[in-house]
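Hydrogens, waters and symmetry mates play no part in the numbers below; they use all other heavy atoms, side chains included.
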Amino acid sequence: MPELPEVETVRRGLAGLIIGKTIVSEWHDTAKGFPNTLADVDRFLKGATVTAVRRRAKVLMIDLSTAYSLVIHLKMTGQLVFVGETRFGAGHPNESLVHDLPDNSTRVTLTFDDGSQLFFNDQRKFGWMRLMPTIEIPNIDFMRKVGPEPLDSEFRAEAFAARFARRSRTSIKAALLDQSVVAGVGNIYADESLWGAKVHPRRLVATLSEQDFFALYTELRAVMNLAIEKGGSSNHTYVNAEGKKGSYMDFARVFRREGLPCPRCGTTIEKLRVAGRGTHICPHCQQLL
DNA sequence: CACTTGACCTGTCCGC
DNA sequence: TGCGGACAGGTCAAGT
C-alpha cells in the first residue's frame, strides 16, 4: 500500500501519539506476520517504553527503551491505527472514518499503560512486523541494499542520475520502482513524477538525457513533498495513524485518471501495463521517441 | 550479473 | 444474484 509519503505521514502521526507510552500487553495472530518468540516478546516488548518512531524507505521503526525496536513494513494494505480514549466520542468529526478495532484484518494489537491501543491491520497479509535489537536494523537485507532517501537535502540531482547506471537496460519505470536505486518510490509517485518530467515510463534508462534525469529528480521530490503535506494518498485501505484518509489523490495528475483530460494539454490519459504494474500516462506529453 | 515473471494473500469490481 | 477473472499504492525467489 503505502509509499514513502504515506509511511512518513503515519510516522509523524504515531510519533505524537505513542512516544513516552509503555506497552503493557501484546497480541498477534500468525508466525509469518510476527515471527518473534513469546519469550522475546515478554522480555523486550512488554514493559518497554516507546522512545522514537523512525522511517527508512517504506519501513517504520518504533524504538523501545529495551534497546529493541519494532520494525514494520506495511506492503500493500498494511495500516497502523492508534485508538485512544477520545477517538470514538459521539459527534467526533472523524467518527465515520474509522470502525471498531480489532477487526478481521488485525494482525497485531499493542495496548499501552493508559489503555490506548495500536493496531497493525493488513488485509492481504503481505506486511510484517518484527521485534529486533535496534542496533541490528541496518544489517537486515532490505536496509543493506536500499538506495538513498530521495528527500534528503544532501541528495542532489547528479547523485540521483548516477544511481540509475545499475539499471540502464530496463524501463525507467522499473528502475524507479527498484528500491535499491532510490528509496521509497512506488506506483503512484512513479507515474506522477514521470508525467511531471514528461518522460514515457517505457523509455529505456539508457535513453534518458541529463535534462530528463534532472526533471525527474525535481518532480519526484516535488510530488513526494506535496503528498506528505496532504497526508498521503488514500484508496479504500490506507489511513494514517489516527484512522484518517490523505488527500493527495485530489491532486493527482495522471494516477487512476485514465479517460480524463491531461491537466497540461487536455489529451485523454491512458492506462498501460509497464514493469508488470498499472501505469498512467498522457500520450501527448510523454513520448516514446 | 541484469532483468522479468510469478508468488505471496484477500477483497472488490466488472462482464457475462 | 452468482461466478470467473483481472486487478490492487510491494517485495522476494526463481527463472531466462
Side-chain angles (χ1 to χ4, degrees), chain A residues 1-10 29-35 55-60 71-80 99 103-107 120-130 140-147 150 163-195 201-206 220 223-224 226-228 230-240 245-259 271-280:
Chain A
M1 145 206 148
E3 305 181 30
L4 187 155
E6 288 73 35
V7 179
E8 177 60 19
T9 298
V10 171
D29 74 340
T30 62
K32 182 175 172 292
F34 194 99
R55 177 191 63 75
R56 173 78 170 97
K58 300 172 190 171
V59 175
L60 275 168
V71 184
I72 303 152
H73 201 308
L74 301 171
K75 293 287 182 83
M76 299 283 264
T77 54
Q79 310 175 331
L80 282 173
H99 54 279
D103 64 15
N104 65 355
S105 74
T106 300
R107 316 244 79 84
F120 172 45
N121 301 327
D122 187 12
Q123 197 82 256
R124 290 175 74 178
K125 303 182 180 177
F126 290 171
W128 47 262
M129 175 182 292
R130 65 188 53 144
I140 67 178
D141 285 349
F142 181 89
M143 293 299 182
R144 294 176 79 96
K145 70 179 190 197
V146 72
R163 297 293 301 172
F164 287 84
R166 62 178 60 204
R167 298 301 304 270
S168 62
R169 294 169 54 79
T170 191
S171 67
I172 184 62
K173 173 140 182 181
L176 267 177
L177 293 173
D178 182 340
Q179 299 298 294
S180 75
V181 174
V182 177
V185 185
N187 209 30
I188 297 178
Y189 304 108
D191 282 7
E192 291 287 293
S193 57
L194 286 164
W195 177 88
R202 282 199 182 120
R203 290 259 311 273
L204 293 184
V205 170
L220 179 64
V223 136
M224 284 192 162
L226 175 64
I228 290 170
K230 299 301 175 190
S233 299
S234 284
N235 68 1
H236 67 107
T237 55
Y238 170 76
V239 290
N240 68 13
K245 292 174 179 295
S247 69
Y248 177 82
M249 287 306 286
D250 297 340
F251 301 83
R253 287 88 47 97
V254 286
F255 194 79
R256 293 210 184 121
R257 294 180 57 80
E258 60 271 31
K271 184 170 181 181
L272 334 164
R273 191 150 274 271
V274 182
R277 311 295 302 274
T279 299
H280 311 77

Inset, instruction - Quote, to the nearest angstrom, the C1' distance that separates B:dT12 from C:dT11. - result: 23 Å

Inset, instruction - Using atom CD of A:Glu258 as one end and atom P of B:dC14 as the other, report the distance to the nearest whole Å. - result: 11 Å

Inset, instruction - Can you tell me the distance, in whole Å, between the NZ atom of A:Lys145 and the P atom of C:dT11? - result: 9 Å

Inset, instruction - Using a heavy-atom cut-off of under 4.0 Å over every strand shown, decide if A:Gly186 touches base, sugar-phosphate, or nothing. - result: sugar-phosphate

Inset, instruction - Round to a whole Å and report the spacing from CD1 of A:Ile72 to P of C:dT11. - result: 15 Å

Legend entry - pair A:Tyr248-A:Ile228: side-chain heavy atoms closer than 4.5 Å: no

Legend entry - Under-4.0 Å side-chain N/O to phosphate OP1/OP2 contact, A:Thr170 with B:dT4: yes

Inset, instruction - Give a yes or no answer on whether the side chain of A:Gln179 reaches the backbone of A:Val185 with a donor-acceptor pair at less than 3.5 Å. - result: yes

Inset, instruction - Using Watson-Crick or G-U wobble geometry with both distances below 3.5 Å, tell me the partner of C:dG5, or none. - result: B:dC13

Legend entry - Atom P, compared across B:dT5 and C:dC7: separation rounded to whole Å: 14 Å

Inset, instruction - Using a 4.0 Å heavy-atom cut-off across all strands, classify A:Tyr189 as base, sugar-phosphate, or nothing. - result: nothing

Inset, instruction - Nearest whole angstrom, please: distance from the P of C:dT11 to the CH2 of A:Trp128. - result: 10 Å

Inset, instruction - Round to the nearest Å and state the distance from A:Arg273 atom CZ to C:dA6 atom P. - result: 11 Å

Legend entry - Donor-acceptor pair present, A:Arg124 side chain and C:dA8 base, under 3.5 Å: yes

Inset, instruction - Nearest whole angstrom, please: distance from the P of C:dC12 to the CZ of A:Arg144. - result: 14 Å

Inset, instruction - Could you tell me whether A:Ser168 contacts a base, only the sugar-phosphate backbone, or nothing, with contacts defined as non-hydrogen atoms closer than 4.0 Å? - result: sugar-phosphate

Legend entry - Stacking of A:Phe126 on B:dC8 base (centres under 5.5 Å, planes under 30°): yes

Legend entry - Atom-to-atom span, CD of A:Gln179 to C1' of C:dG10 - whole angstrom: 8 Å

Inset, instruction - Starting at atom NZ of A:Lys125, determine the distance to atom C1' of C:dG10, rounded to an integer number of angstrom. - result: 18 Å

Inset, instruction - Select base, sugar-phosphate, or nothing to describe what A:Arg256 touches, counting heavy atoms under 4.0 Å on all strands. - result: base

Inset, instruction - May I ask you to decide if the ring planes of A:Trp128 and A:His73 are parallel, tilted or perpendicular, using 30° and 60° as cut-offs? - result: tilted

Legend entry - Whole-angstrom distance between C:dC12 and B:dG11, as gauged at atom C1': 23 Å

